[in-house]
J.: 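One structure is given below, represented as structure tokens, and several questions about it will come after.
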Amino acid sequence: MLKPACLATALALCLSAPVLAQDLTIAIKASVDAADPHQLYSPNRNVQLQVYEPLLYQDQYLKPQPWLATSWEAVEPKVWLIHLREGVKFANGQPFTADDVVFSIERGLTIEGARTYRSYLKDIESIEAVDPLTVRITTKVETSFLPENLTSIGMVSHIAAKDATADDFNGGSAAIGTGPYKWVSWTPGQDVRLERNDNWWGENLPEWEKVTYRFIPNDSARVAALLAGDVDVIDNIPGNFSGQIRERAQLVEAPSVFTVYLALDRARDVTPQVTDSAGKPLESNPFKDPKVVQALDLSINREGIAQRIMQGGAVPTNQYSPDGFSGYNVSISAPEYNPAKARELLAEAGYPDGFNMTLACYNDRFSGDAQTCQALASMFTSVGVRTTVDAMPASVFFRRGTGNENGSEFSAMMAGYATPTGSPMNFYVALIQTNDPKAGTGSNNRMKHSNPEIDQMIKEAGVAFDMDEREKLLQGIAAKAVEEHAMLNIMFLTSSWGLRSDLVMEEPRGDGFTMIRNIRSN
Amino acid sequence: MLRWLFERLFQACLVIAAMSIIVFIGVNVIGNPVDILIPPDASQAERLRAIEYLGLDKPLWAQYLDFLRNLFRGDLGTSYVYGAPALGVILQRLPATIELALAAMLMAIVIGIPLGLYAGLRADRWPAKLLMTGSILGFSLPTFWVGLMLIMVFSVQLGWVPASGRGDTAEFLGVQWSFLTRDGLSHLLLPAINLSLFKVSLVMRLTRAGVQEVLPQDYIRYARARGLTEKRVIWVHVLKNIMIPVVTIIGLEFGSLIAFSVVTETIFAWPGMGKLIIDSINVLDRPIIVAYLMLIVLMFVCINLIVDILYAFLDPRVRLSARGTK
């Protein structure tokens, strides 16, 4: 009597095993490699954001918006009050209060590990709970960018996460956040499984009960998984697959803050990787002449790179922020492509026969990186600056780019930059402000660019508490930096997703993160 | 036998020591993992803190001494990326790789040996010739391309099996295995085929060559003259004698399946060790690289040991000479 029933159940289980209507499977390119939300790594943040919410939410242009904090204000230049949302509860029902904020920020500032949120919390001197719904933060220096820096770190429970180990965060007792999802399990190299938190405080509870983020690093395999119906959503679609996705599924694109730039050694009197046509080192550094830099800028066909090399997977630019993002300046004219003028400028600068240089770049960071480098080299060569490409893995690139006490081993390098905060301020401070270890500025400014005027403008923007005025200053820095060719920015990579045809994705984010909340069935 | 075993183990230790020194120096020459781990807008102070945290501020020889000191306590270091003991991180991935490698090896044996026997015994017939031609394809087609084709045909076009991943797993001996569930098996099928294609061809060709070498020999003729059945001649007299090269190759290839299945693992998003080591090299996660290589050296030593023991069973001459050295 029992046997047929068992068989029937087994059969039914087998047959119903494929996709349940309420489940969603997302395949992502980069693997999550930790469950602890305070070990900073963007792919981890992508998934952790669904579970551990930050105080301020980033909209599609990565601008800070009220979330767990409803408002914030600088009551004094170095003192901030953060007002928390009422009625927010963790997934286990425990109310979310100022104690949790204090605990989370302090944990972020003291946690051990190579990758922490300290870079974004470093301005914080102290933090205290004023009352259950108010937090006071005292900063070490005057800064108006505290809100931006609070968008990245997720809030954990001061009770559940106290002395928590890595295992506790992997589906254990500490894996409790205020977000719409609960962290069920993370299997290294395989997937992260989430379950909906039906007690979520937000208004529109997502429709997906169970969500799996699978890691499929190979681009072709990820696309195949979507086309085969194994997964419902995939991220990071290289340009050469976008046609296929458009045809057989659905393509969603958004400009991202990932900026591809070219940095030239304009600081040293003699630069290592530049020679004359006979191969002898040049006695003076040609990049110190603004005309040479401008000539190189004019010889770059950015539109061609974005359309041909990246196959539409990038937006050409000479700016520091994409359209719609903070720092985007409408009045900056579009980059010009004019090889004839470039040749003239080189001749005027005293290089009628050009010179030889080596362009260094990495070849394992984004799809199309080495090809873009090749294209740049041939464009420079065509105006007379005979360029050799030196492409290498990022691990080698950064060491050689930093160099030794004599400075970088490179004279020209192509690389990419993106900040979790989405604010151009981080870009300015890390890449174009004068390198000063004491002040913590110019840490990624490997070519040692230095312009006191721009430095001053960056400092002013840092303490501008009026948001409109600050935005104007940020745009002003962009204009100045573009005019002065502080760096030659080439393009913003496009964030892209492939979706099953009957799904809809709203507000695709400028950091390429996949928010479950924004995906619904049609 | 025992002395020989000790010699083997001693050799392995030397290899491991040499390798760990090479990895230490090599990683140090390539670059600084901190540059890759910290965010691009991290300040100089944060960079120094991370370097200090990982112990990279000490001179290389001091780092190596620390490593040796910990090694004797059974600690292979903590992964820079995962922040967990390196050996644990690797062992967590090991079952997936072993499962895939075993499945592929099983296919190679179950398919390769009978086909090879057939091709050797009936060398003149057209199916045998077809098999031999097919095996050339098995050798020469790149795993990468075959994997993608398998996915395109069987997953995307026909929709018979899933395109990637490990599927549902079930616990056995405290470890999660795919082959115990129906869903897991369907996930295992394509990557195992992809990985085994080369090995099937290899085993098949080896078996065929062995059969053709053995068949004209006197003892086969005598066996036939003694009136033994054809079945007994083939399955006992022929097969047993051609097994030695086949077992050697299977042993070595099994090692390489485990150590280098990275291409298949990447295409099928199979969460094994191959992917882990490539990722670790990219971010210069030295503790993982060292621990992984140590494990692989140990594994090859063990496999060779097992192969040698199997020889003794298969070939009385080896058995006798081993006894002689005692």
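Letters A, B, ... are given to chains in the order of the sequence lines, protein chains preceding strands, and every chain is numbered from 1.
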J.: Which region of A/Asp33, side chain (C-beta onward) or backbone (N, CA, C, O), has a non-hydrogen atom less than 4.5 Å from a non-hydrogen atom of chain B, or is it both or neither?
T.: both
J.: What's the shortest heavy-atom distance between A/Leu226 and A/Gly498, and which atoms?
T.: CD2-C, 3.8 Å
J.: For residues A/Thr402 and A/Arg446, is any side-chain donor paired with an opposing acceptor at under 3.5 Å?
T.: yes
J.: Checking B/Val34 against chain A: side chain, backbone, both or neither under 4.5 Å from a heavy atom?
T.: neither
J.: Could you check whether the rings of B/Phe139 and B/Phe198 sit parallel, tilted or perpendicular, using 30° and 60° as the cut-offs?
T.: perpendicular
J.: Looking only at side chains, do A/Asn489 and A/Thr259 share a donor and an acceptor under 3.5 Å apart?
T.: no
J.: Under 4.5 Å heavy-atom distance to chain B, tell me which part of A/Tyr417 shows up: side chain, backbone, both or neither.
T.: side chain
J.: Can you find a heavy atom in the side chain of B/Glu46 that is under 4.5 Å from one in the side chain of A/Thr116?
T.: yes
J.: Heavy-atom distances under 4.5 Å only: say whether A/Ala418 touches chain B with side chain, backbone, both or neither.
T.: backbone
J.: Which bit of A/Ala114 is near chain B, if near means a heavy-atom gap under 4.5 Å: side chain, backbone, both or neither?
T.: both
J.: Out of A/Pro217, A/Ala34, A/Gly113, return the one with the most heavy atom pairs under 4.5 angstrom to chain B.
T.: A/Gly113
J.: Check whether A/Ala221 gets within reach of chain B through its side chain, its backbone, both or neither, counting any heavy atom under 4.5 Å.
T.: both
J.: So, A/Asp235 and A/Lys29, do they make that salt bridge, N to O below 4.0 Å?
T.: no
J.: State the NZ-OG1 distance between A/Lys122 and A/Thr143, to the nearest 0.5 angstrom.
T.: 8.0 Å
J.: What part of A/Pro437 lies closer than 4.5 angstrom to a heavy atom of chain B: side chain, backbone, both or neither?
T.: both
J.: Have B/Arg166 and A/Thr187 got a donor and an acceptor in their side chains that come within less than 3.5 Å?
T.: no
J.: Within residues 145-156 of chain B, which positions have a heavy-atom distance to chain A below 4.5 Å?
T.: B/Leu148, B/Ile151, B/Met152, B/Ser155, B/Val156
J.: Counting only non-hydrogen atoms closer than 4.5 Å, does A/Phe397 touch chain B with its backbone (N, CA, C, O), its side chain (CB onward), both, or neither?
T.: neither
J.: Which atoms of B/Glu52 come close to chain A, meaning under 4.5 Å heavy atom to heavy atom: side chain ones, backbone ones, both, or neither?
T.: neither
J.: Just by distance, do the side chain of B/Arg47 and the backbone of B/Asp35 share a donor-acceptor pair under 3.5 Å?
T.: no
J.: Counting only non-hydrogen atoms closer than 4.5 Å, does B/Ile30 touch chain A with its backbone (N, CA, C, O), its side chain (CB onward), both, or neither?
T.: both
J.: Output yes when B/Asp75 and B/Arg69 qualify as a salt bridge under the 4.0 Å nitrogen-oxygen rule, no when they do not.
T.: no
J.: If you round to the nearest 0.5 Å, how far is CG of A/Asn444 from CG of A/Leu431?
T.: 4.5 Å
J.: Given heavy-atom pairs under 4.5 angstrom as the criterion, report whether the side chain, backbone, both or neither of A/Asp219 touches chain B.
T.: neither
J.: For chain A, which candidate among B/Asn32, B/Ile267, B/Val81, B/Thr266 shows the most heavy-atom pairs at distances under 4.5 Å?
T.: B/Val81
J.: Checking an interface table here. Which of residues 89-96 of chain B come within a heavy-atom distance under 4.5 Å of chain A?
T.: B/Gln92, B/Arg93
J.: Under 4.5 Å from any heavy atom of chain B, what part of A/Ala225 do you find: side chain, backbone, both or neither?
T.: both
J.: Under 3.5 Å, side chain of B/Ser186 to main-chain N/O of B/Val161, donor-acceptor pair present?
T.: no
J.: If I measure from the heavy atoms of chain A, does B/Tyr82 come under 4.5 Å with its side chain, its backbone, both, or neither?
T.: both
J.: Heavy-atom pairs under 4.5 Å with chain A: which of B/Arg49, B/Glu265, B/Gln157 has the most?
T.: B/Arg49
J.: Taking every heavy-atom pair that is under 4.5 Å apart, which of B/Thr78, B/Leu48, B/Leu54, B/Val29 has the most such pairs with chain A?
T.: B/Val29
J.: Can you see whether A/Tyr117 engages A/Asn149 through a side-chain donor-acceptor pair at a distance of less than 3.5 angstrom?
T.: no
J.: Using a cut-off of under 4.5 Å on heavy-atom pairs, state which of B/Ala50, B/Gly165, B/Pro39, B/Gly83 scores highest against chain A.
T.: B/Pro39
J.: Considering only heavy atoms from C-beta outward, does the side chain of A/Pro393 approach that of A/Asn363 to under 4.5 Å?
T.: yes
J.: Could you tell me whether A/Arg500 and A/Asp232 make a salt bridge, using a distance below 4.0 angstrom between a side-chain N and a carboxylate O?
T.: yes
J.: Are side-chain heavy atoms of B/Leu87 and B/Leu295 found at a separation under 4.5 Å?
T.: yes
J.: Does B/Arg286 qualify as a cation-pi partner of B/Tyr80, given the criterion of NZ or CZ under 6.0 Å from the six-membered ring centre and within 45 degrees of its axis?
T.: no
J.: Specify which of A/Gly440, A/Ser395, A/Ala430 makes the most heavy-atom pairs with chain B at under 4.5 Å.
T.: A/Ser395
J.: Would the distance check show the side chain of A/Thr212 and the main-chain N or O of A/Arg214 forming a donor-acceptor pair, the cut-off being under 3.5 Å?
T.: no
J.: I need the residue from B/Pro40, B/Gly272, B/Pro33, B/Ala269 with the largest number of non-hydrogen atom pairs under 4.5 Å to chain A.
T.: B/Pro40
J.: Nearest 0.5 Å, please: how far is CD1 in A/Ile26 from CD1 in A/Ile234?
T.: 11.5 Å
J.: Sort A/Arg248 into side chain, backbone, both or neither according to what part of it lies under 4.5 angstrom from a heavy atom of chain B.
T.: side chain
J.: Please tell me if the side chains of A/Val429 and B/Asp41 come closer than 4.5 Å, counting only heavy atoms from C-beta onward.
T.: no
J.: Among A/Asp364, A/Asn426, A/Asp36, A/Asp191, which residue forms the greatest number of heavy-atom pairs with chain B at distances under 4.5 Å?
T.: A/Asn426
J.: For A/Thr434, is there any backbone N or O sitting under 3.5 Å from a side-chain donor or acceptor partner on A/Thr441?
T.: yes
J.: Identify which of B/Ser79, B/Ala163, B/Ala84 forms the greatest number of heavy-atom pairs closer than 4.5 Å to chain A.
T.: B/Ala163
